[in-house]
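From a predicted model like this one, the values you see are computed outputs, not experimental measurements. Chain letters run A, B, ... following the sequence lines, proteins first, then strands; residues in each count from 1.
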Amino acid sequence: MALYDGHWILTALVVLPLVGGAACLLVPEARAKTVALATTLVLFALSLPLFWTFDTAESGFQNLVSIPWIEAWGISYAVGVDGISILMILLTTFTMPLAVAGSFSHIRRRERAFYAMLLFLTTGMIGVFVALDLFLFYVFWEIMLIPMYFLIGVWGGERRIYSAVKFFLYTAAGSLLMLVAIVTLAWIFQDGSGAWSFAYDDLASLELGRRAQLWLFGGFALAFAIKVPLFPFHTWLPDAHVEAPTAGSVILAGVLLKMGVYGFLRFGLPLFPAAATDPAVVNAMLVLGLIGILYAAWVAAVQPDAKKLIAYTSVAHLGFVVLGVFGLTTQGIEGGILQMVNHGISTGTLFLLIGMLYERRHSRRIADFGGIAKVMPVFAFALVVVALSSVGLPGTNGFVGEFLILVGTFRTHPWIAAIATTGVIFAACYMLPMVQRVVFNRLDREENRTLTDVNRRERLILAPLLALILLIGVWPGPFLNRTRASVEALIEHVETRTASAPPVEAASVEPSSVEPVLIEAPSVEAASVEAAPIAAGSGATPAHISKSAVEAGEGE
Amino acid sequence: MSYWVALLPEAVLSLAAMFILMRDAFARPGRGGSNPGAGGDGRMSVDCLVTLYSIAGALIASLWLMDASAPPDGMIALDGFRVAADVILLGGALLVVSLSRDYLTREGLRSPEFHALILLALVGMMVLVAARDLILLFVGLELMSISVYVLTGFARKNPRSSEASLKYFIVGAFASAFVVYGIALLYGATGTTRLATAAERIAAAPGGGDLLLAAGIGLLLIGFAFKIAAVPFHMWAPDAYDGAPTPVTSFMATGVKAAAFIALLRVLTVDLGGAAEVWRGAVWWLAILTMIVPNLIALSQRDVKRMLAYSSVAHAGYLLVGVVAASELGRSASLFYLAAYTVVTAASFAIVFHVAGRGDRKQRVRDYRGLGWRRPVLAAALLVFLLSLAGFPPTAGFVGKLYLLRAAVDAGETSLAVTLVLTSLVAYYYYLRVVWKMYFEAAPEDARTPPPPKPGFNFVIGTCVALILLGGLFPGRIIDRAREALADAPAPGVVVQAEDPPSP
């Protein structure tokens, strides 16, 4: 694998869509879709070996590249991949060709701009997952908003402007406070070591006071909670999902929603372990996740619009993921990561299916359909399989993820897990009737008799998705393998940092035991930090800086 | 090398202004045209050429002065800070002048006076930022202000222009009075008008307790707050900006504001730094108010020019954060932000008057509907500028905002940092509104598509886009240079490269 073992691959994944997007703008209108599809297919092909060559025993970052960018500020172009991001990257590259192919017949105007936006968005998404410098991360995180704003605003449905602006402002609101938190974090590092740095490893090595951690975690958490979206920050999501064109919805559900949880795993937990394991924070997150699961399920159950129904299921599914992450157990987090992939696949497929239906019938109202299994058997088959996966039927991917999450959470928070389990039942309560009313029942509308079944292109789109649903359902090993080492290292990092401490399970029940022990005398140790660049593949061996009394809120 | 060379850039500009005025006075009877030299035939007029060349000459002279140093009690500064300021001011003027050609032709405005007044105002600005003596500072301030009062009322046939000029003049004269009174009291408190000497005396005395000093600083601050349009001294700004011919608005929002701000930055944080406890609280409030109020008012504006006017008031608030930080980091952050802001503001006002068409009729937000698909290149440029104003990556505006945030956090002003980001969230909305009109809404059937801009215009706008993106993606060199320039000893090299102007 000498060719592949180069460090150019992650950079290529970031740059290629940018180039492809520019190419889309330049070629004739009719060729844009071909260019876009080719770009995304090459992208997927490039990313696949990343999966095979991934070293499952290594918990740190692989394929690490770090090039100084703005040296005066300690900003570098640093990218790498670990067990937490590998599946996210692949999910992105896997989703994109399908999203592009799924738009072929749907997007009829301004195709060049449309496919260019899709590709620019891809750059932003992959960038978010590979960035190991907080400045770089923030740049990608923000840049992503612009193409999505355009996708919803230009090619969206009737209330597209409202939805696009709402999406933009909600997301930006969170990220701006995160920017202040990032700058503060870099300043704290500078205060201890004398040089500014935005590098992930440098900042992860900081030992912050508890109060500072809570403030900074708050800044990050708001951005991530809005992106997840965690109840009650979820209201942008149904609007954005419903109004976005099919490809936009697929990407929103498939990839964008994963960024919030990814942020928690990558930044929230490791940078602010004391805050993230603070019982109040953990309980708040778990309860919000739980409310998300139940509330979204109930709201979904009464939606007349199939697309909106699926949008709400996202809130519920992501609620499960948050549960898994803040249960703070290996199984829970592993399950959470896998469930993010599952949600991307199954909800993405559901949006594609609804999009196909909409193209034929120009309606998304559940009541307008019924009995279309007779005229669209293949479509009906796909919808049933995906709906079952979304509900979490054993044998499909959804089951594996939800099961791991529930088991993991049960170990630390049995009651929360018990209540969350009812969410699985509610999921069946909204999903199955929808399927029944759309696909089965009587074929009592004349318009529906003439619907044509999915064509070859659409089958080609659906086939890999359905295959993956079943594959992960029966053989999740290869996927879990790749996340395990990093997740275990993460848990260990959080535990050791949360103090000379009892295990997290106990810590989260007993408030008094999680007080972090702060090492005094910052000035002595600070000197040793200077020689701590990002060492290849050693995310977990940070330099030690002690900050005893850094309080973010102080000093006005 | 005699100390006189310190005035070389100003001398170049003044001579050019004299030349333009003289040429006009003597050449006019022979020509007989109603609008001589406006370049109506598509060629660049002599006035315009002379102006551009003299600004470029002043820029070179200014950079050449980089290595020189002034005697300790000199009246004119010769250091990196001055060169950085000159580059921002001259670069901004270069953009304004090169972009306003078409406007002058279209609106039938007289070219010689316009260019001469711009040059004279520019001399005033440069004296203002270079002055190390309060009297000279006042001279520079007045030369700048008076020239701009006239420029504001330059469209004589337009009553709104005259109204704007009168308002600006009355408020401006009032503000100048504050400045003079402040200077008098400062003289009373320190016994000198030399800023360097005053700084020493303030540092030597147990500062803060002196009422005379506090009153002097207070009055000076109020006067300057009027000039940079900081809330609550901003009332004149939207009307004056709105009524003035758009290139003049652009000049006011970039050059005038930048000059007054740089002078304030230097006088307060360097010379009066010893009395920081006197002014810091007041500037803190100015910054907070100037960030919040105009951003909220801009939300309800339906006119793009007026919206940009309010937004430029809000940007003064962001800049003041750098003053409150009162550190070297704060100074370099403010200058970087100012440079990015100058490029973007000059360029976006130019696009606004291009889209507005003859008589500035189409400058409401709704007139931008569908522009993104009918003039894709122009709209894309405006998109970049709006994103930079909003402080969105990967533009120079984002780096500038990050710079200011660092300065604020470094100075322990977390509340200012939070206010800065929350108010820019508000600003997102009104910048985005223009974007969604351009791209998401269709133009009405009978709408007139703005004509394609001239190649020269496109070239300048393209250069601005490139500068903004370069400043956003690779700001490293610029930051290094800015820090070198602002280090206490004058350092060799070029400053703030983002401002490197397109050659005329």
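- Side-chain atoms of A:Arg110 and B:Trp373, non-hydrogen and from C-beta on, do get closer than 4.5 Å to each other.
- When the candidates A:Phe150, A:Phe135, A:Phe140 are compared by the number of heavy-atom contacts under 4.5 Å with chain B, A:Phe150 comes out ahead.
- Within the model, atoms OG1 of A:Thr184 and CG of B:Leu405 stand 8.5 Å from one another, a figure rounded to the nearest 0.5 Å.
- For the pair A:Val165/B:Tyr428, no side-chain contact is recorded, criterion being any heavy-atom separation below 4.5 Å from C-beta on.
- Contact of A:Trp196 with chain B is made through the side chain alone, with heavy-atom distances under 4.5 Å.
- Between A:Trp73 and B:Tyr403, the gap from one ring centroid to the other is short of 6.0 Å.
- The CD1 atom of A:Ile70 lies 9.5 Å from the CZ atom of B:Phe474; values are rounded to the nearest 0.5 Å.
- For B:Leu383, the part sitting under 4.5 Å from any heavy atom of chain A is the side chain, from C-beta outward, and nothing else.
- Within the model, atoms CG of B:Leu329 and CH2 of A:Trp187 stand 12.0 Å from one another, a figure rounded to the nearest 0.5 Å.
- Separation of atoms CD1 (A:Ile161) and OH (B:Tyr439) is listed at 14.5 Å; rounding is to 0.5 Å.
- With a 4.5 angstrom heavy-atom cutoff, B:Leu416 does not touch chain A via any of its atoms.
- How far CZ of B:Arg406 is from CD1 of A:Ile182: 13.5 Å, rounded to the nearest 0.5 Å.
- For CZ of A:Arg31, the number of neighbouring non-hydrogen atoms (other residues, nucleotides, ligands) closer than 6.0 Å is 12 at most.
- Other residues, nucleotides and ligands contribute more than 12 heavy atoms inside 6.0 Å of the CZ atom of A:Arg159.
- Heavy atoms closer than 4.5 Å to chain B are found nowhere in A:Ala186, neither backbone nor side chain.
- The closest side-chain heavy-atom distance from B:Phe440 to A:Tyr149 is below 4.5 Å.
- Two residues are said to be in side-chain contact when any heavy atoms from C-beta on lie closer than 4.5 Å; B:Leu402 and A:Tyr138 fail this criterion.
- Across every non-hydrogen atom of A:Phe168 and B:Leu432, the tightest pair is CD2-CD1, 3.3 Å.
- Each of B:Ser424, B:Gly476, B:Pro394 has some count of heavy-atom pairs under 4.5 Å with chain A, and the biggest count is that of B:Pro394.
- B:Phe398 is listed as a side-chain neighbour of A:Leu179, based on a closest heavy-atom distance under 4.5 Å.
- The closest side-chain heavy-atom distance from B:Val421 to A:Leu177 is below 4.5 Å.
- Of the atoms belonging to B:Phe392, it is side-chain heavy atoms, and not backbone ones, that fall under 4.5 Å from chain A.
- The shortest distance between side-chain heavy atoms of B:Ile479 and A:Glu71 does not fall below 4.5 Å.
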Exercise for the section: Apply side chain to side chain contact (heavy atoms under 4.5 Å, CB included) to B:Trp436 and A:Val154, showing your working. Expected result: CA-CA 9 Å; B:Trp436 94 56; A:Val154 178; over 6 Å; no

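- Considering every non-hydrogen atom in both A:Leu169 and B:Leu425, the closest pair reads O-CD1, 3.8 Å.
- The shortest non-hydrogen separation linking B:Ala417 to A:Val180 is O-CG2, 4.0 Å.
- Both the backbone and the side chain of B:Asp410 come within contact range of chain A, each with at least one heavy atom under 4.5 Å from a heavy atom of that chain.
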